[in-house]
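Data first, discussion second: the structure below is written as structure tokens.
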Amino acid sequence: MSKPSIPQGTRDFNASTVQKRQFIFQTIRSVFETYGFQPLETPAMENLETLMGKYGEEGDKLIFKILNNGLDNPQKKAQIDEGLDKVLAGKNSTAITERALRYDLTIPFARYVAMNHGQLTFPFKRYQIQPVWRADRPQKGRYREFYQCDADVVGSDSLLNEVDLIAVYVKAFEQLNLPVEIKINNRKILMGLAQVCGGEEKLIDLTIAIDKLDKIGWEKVKEELNNKDFNVAQQDLVERYLNISGTNAEKINALANLLGDNENGKKGIEELNYVLDYHISTGMNQYLVADFTLARGLNYYTGLIFEVKAIDAQMGSIGGGGRYNDLTSLFGVANIPGVGISFGVDRIYDVMEEKNLFPTSVDHTTQVLFFNLGEAEAKVAYGQMMELRAKKIACEMYPEKSKFDKQFKYAEKKGIPYIAIIGTEEVSKKECTIKNLSSGTQTNISFSDLAGFQF
RNA sequence: GAGGGCGUAGCUCAGUAGGUUAGAGCGACAGUUUGUGGCACUGUAGGCCGUGGGUUCGAGACCCAUCGUUCUCCCCA
């Protein structure tokens, strides 16, 4: 038998890791709920059809598909052979696979809204904290199974939603004590740039090229634009666009000059300004950075877009989101605009761990270990232990009668702060010896006072 | 999908130019110490050197393949 292992890109989480992760989940969840979002859960698997074509060509390749059952059924052999040929040719076939693992939380949410729009009260605000799966090649900060925490509002055009979601980001990261900046841009600005550069149809090529700027540098981006038939004047314009710098206000001014009276550009700037101005009054503007190089890969975004970056950390974005005007139309229900954000918990964990930002209080463990000094003594001790447990004090008893040495070491390794000794002497006196392991101090407490002892 | 690094004890790693019985630290276990831990000392257990093939008188080391892992690119949280 080979050594046991787990699939590539997946992880087991030990007690301390789970507790730290729970701290992140609880922090985010409590902020979501404070802002009026309600929970939703959707299945780990969706119909393949629901997911395909929603994440772009690259995304489709990264969807984990689930093999159908019953492929060994001889009566279906013809269909299955035909399906297999399609799969081998790089297509999908429902004869082979008709379900897939969730790739993100946004599309399943859109599907849910489309299915239930008759029953939902709009604006509908939901949050969702669940794992997603991607058949990506794992590397630093990238896993094949990871959690997303999403909050979305659908059924409202108001920019107040964007304002509110930014506040969610700020408050959550403040509570996590993780310094971040929130980059903000508008797809309309990018659309405006594309129009000024020759046409809307260039938007996708343009955003893909721009998105790479901080990785490959301007020269390479220029090369890519050249390959995509941007002429010299257009390349020049993009260069001036990307070189915009300064404070948020200065950047926006420069951008307004560059895009002139392009309608999308004007609208995009207006929306951006609205949100930035709003957060001057909340004092959260210090976190906001207008960044016109921000593009976001997902093509369903239509308005303001966000990305959260941890300050001074070698890590890709730890959150992102934006406005999508018509996501549910993918599922046949039109005119439900929405806006949402996502937290990348696994990356947040990695950054916090690296920077040592977890409060020590997240480690919960047993408070009191009751020593086992023999059958009769243990029975008395067990009764005392149950009293403490009734007070919600975490206790456990060493399961075997062992030498002190061994029981002490167990407590020490597990980080248990107190031990309780009840031996023959204590039983006859109806008392208990409590020892604080870190200070070494030891006191005798009568059974009747034990439940009131301050551990 | 493309390209690099690394696989030796439970963990972290040595292993010199290919040479006889593969080492250390930590951890585990036992004892010194059968009602007082952390420290110290002593001892014990634990290795198909990832797997398969090849080169060689001889391979942990060199070559090929394969699997695993990790990082980078693409893309993304």
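The sequence lines fix the lettering, A, B, ..., with proteins before strands; numbering per chain opens at 1.
Between A:Tyr287 and A:Tyr169, a ring centre-to-centre spacing not shorter than 6.0 Å is recorded. For an aromatic pair to be called close, the ring centres must be under 6.0 Å apart, and A:Phe343 with A:Phe32 satisfies this.
Between B:rG54 and B:rC13, the distance separating the two C1' atoms is 29 Å to the nearest Å. The same atom, C1', is picked in B:rG3 and in B:rC74; the two are 11 Å apart, to the nearest Å. Taking atom P on both nucleotides, B:rG68 is separated from B:rG50 by 16 Å, rounded to a whole Å. Taking atom C1' in both B:rG60 and B:rC6, one finds a spacing of 15 Å when rounded to whole Å. Using atom C1' as the reference point in both B:rG47 and B:rA9, the two lie 6 Å apart (nearest Å). Rounded to whole Å, the separation between the P atoms of B:rA65 and B:rG25 comes to 39 Å. Rounded to the nearest Å, the gap between the C1' atom of B:rC63 and that of B:rA77 is 41 Å. Taking atom C1' in both B:rC49 and B:rC62, the straight-line distance is 15 Å, to the nearest Å.
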Could you give the side-chain donor-acceptor pairs of residues 188-195 of chain A under 3.5 Å, partners two or more places apart or in another chain?
| from | atom 1 | to | atom 2 | distance (Å) |
| --- | --- | --- | --- | --- |
| A:Lys188 | NZ | A:Glu271 | OE1 | 3.3 |
| A:Lys188 | NZ | A:Glu271 | OE2 | 2.6 |
| A:Gln195 | OE1 | A:Asn262 | ND2 | 3.0 |
| A:Gln195 | OE1 | A:Asn264 | ND2 | 3.1 |
| A:Gln195 | NE2 | A:Glu200 | OE2 | 3.1 |

With a 3.5 Å cut-off and sequence neighbours excluded, list the donor-acceptor pairs that the side chains of residues 443-455 of chain A form with protein atoms.
| from | atom 1 | to | atom 2 | distance (Å) |
| --- | --- | --- | --- | --- |
| A:Asn444 | OD1 | A:Thr433 | OG1 | 3.2 |
| A:Asn444 | ND2 | A:Glu431 | OE2 | 3.1 |
| A:Ser446 | OG | A:Ser448 | OG | 3.1 |
| A:Ser446 | OG | A:Asp449 | N | 3.4 |
| A:Ser446 | OG | A:Asp449 | OD2 | 3.3 |

List the steps and the verdict of salt bridge (Lys or Arg N to Asp or Glu O under 4.0 Å) for A:Arg21 and A:Asp346.
CA-CA 8 Å; A:Arg21 287 169 62 88; A:Asp346 300 78; 3.0 Å; yes
Verdict with supporting geometry, A:Asn436 and A:Ser438, side-chain hydrogen bond (donor to acceptor under 3.5 Å, both in side chains)
CA-CA 6 Å; A:Asn436 178 322; A:Ser438 55; 2.9 Å; yes
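The residue A:Ile419 sits apart from the nucleic acid: no heavy atom pair falls under 4.0 Å. A:Leu437 comes within 4.0 angstrom of a base, heavy atoms only. Counting any heavy atom pair closer than 4.0 Å across all strands shown, A:Phe343 reaches no nucleic acid atom. At the heavy-atom level, A:Ser342 lies nowhere under 4.0 Å from the strands shown. Using a 4.0 Å heavy-atom cutoff across all strands shown, A:Gly316 reaches no nucleic acid atom at all. Nucleic acid contact class of A:Gly319 (heavy atoms, under 4.0 Å, all strands): sugar-phosphate only. Backbone-only engagement by A:Lys413 is indicated by non-hydrogen atom pairs under 4.0 Å involving sugar-phosphate atoms exclusively. As judged by a 4.0 angstrom heavy-atom cut-off over every strand, A:Glu145 is placed among residues making no nucleic acid contact.
Tested against A:Asp136, the residues A:Arg142, A:Lys61, A:Arg144 include a single salt bridge (Lys or Arg N to Asp or Glu O under 4.0 Å) partner, A:Arg142.
Out of B:rU72, B:rG37, B:rC75, the shortest distance to the side chain of A:Phe408 is found at B:rG37. For A:Gln8, the listed nucleotide lying nearest its side chain is B:rU69; candidates were B:rU69, B:rG35, B:rG37. For A:Arg347, taking side-chain heavy atoms from C-beta onward, the closest of the listed nucleotides B:rC76, B:rG35, B:rC71 is B:rC76. Taking every side-chain heavy atom of A:Arg137 into account, B:rC71 is the closest of B:rC74, B:rG35, B:rC71. Listed nucleotides B:rA77, B:rG37, B:rG35 differ in distance to A:Glu425; the shortest reach to its side chain belongs to B:rG35. Comparing B:rG35, B:rA77, B:rU36 by their closest approach to the side chain of A:Arg142 singles out B:rA77.
Between the P atom of B:rC74 and the CD atom of A:Glu58 lies a distance of 11 Å, rounded to the nearest Å. The interatomic distance linking A:Ile24 (CD1) with B:rA77 (C1') rounds to 13 Å, in whole Å. Distance CG (A:Asn372) to P (B:rU34): 18 Å, rounded to an integer number of Å. One interatomic measurement links the two molecules: CD1 of A:Ile63 to C1' of B:rC75, which rounds to 14 Å at whole-angstrom precision. Distance A:Leu62 CG to B:rC73 P: 16 Å, rounded to the nearest Å. Taking atom CD1 of A:Ile6 as the reference point, atom C1' of B:rU69 lies 12 Å away to the nearest angstrom. What separates CG of A:Leu105 from P of B:rC76 is a distance of 17 Å, to the nearest Å. The nearest whole Å value for the distance from the OH atom in A:Tyr103 to the C1' atom in B:rC75 is 8 Å.
The aromatic rings of A:Phe23 and A:Phe358 sit perpendicular to each other, their planes meeting at more than 60°, with 30° as the lower class boundary. In this pair, A:Tyr103 and A:Tyr55 present their aromatic rings tilted. The plane angle is within the 30 to 60° band.
Remark: A:Gln139 is in phosphate contact with B:rU72, judged by side-chain N or O atoms under 4.0 Å from OP1 or OP2.
Applying the 3.5 Å distance criterion, the base of B:rG35 shares a donor-acceptor pair with the side chain of A:Glu426. Between the side chain of A:Gln442 and the base of B:rU36, at least one donor-acceptor pair of N or O atoms lies under 3.5 Å.
Contacts of A:Phe370 classified as ring-ring contact (aromatic ring centres under 6.0 Å, His included), with partners at least two apart in sequence or in another chain: none.
Within the structure, side-chain hydrogen bond (donor to acceptor under 3.5 Å, both in side chains) contacts touching residues 357-368 of chain A (residues at least two apart or in different chains) are A:Thr366-A:Glu396.
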For RNA chain B, just give me the dot-bracket, please: Watson-Crick or G-U, both distances below 3.5 Å, ( ) intra-strand, [ ] crossing earlier pairs, | paired with another strand, . unpaired.
(((((((..((((.....[...)))).(((((.......))))).....(((((..]....))))))))))))....
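By the neighbour-count criterion of 12 heavy atoms within 6.0 Å, atom CD of A:Gln38 is sparsely surrounded, having that number or fewer from other residues, nucleotides or ligands.
With its ring centre under 5.5 Å from that of the base six-membered ring and a plane angle below 30°, A:Phe146 counts as stacked on B:rA77.
Nearest-nucleotide positions on RNA chain B for A:Ser438 and A:Val308 put A:Ser438 closer to the 5' end. For A:Lys140 and A:Lys409, each mapped to the nucleotide of RNA chain B holding its nearest heavy atom, the one lying further toward the 5' end belongs to A:Lys409.
With rounding to the nearest 0.5 Å, the separation of CD1 in A:Ile28 from CD1 in A:Ile348 is 4.5 Å.
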Write out a two-atom table: protein N or O, nucleotide N or O from nucleotides 30-33 of chain B, distance below 3.5 Å.
| from | atom 1 | to | atom 2 | distance (Å) |
| --- | --- | --- | --- | --- |
| B:rG31 | OP2 | A:Lys403 | NZ | 3.2 |

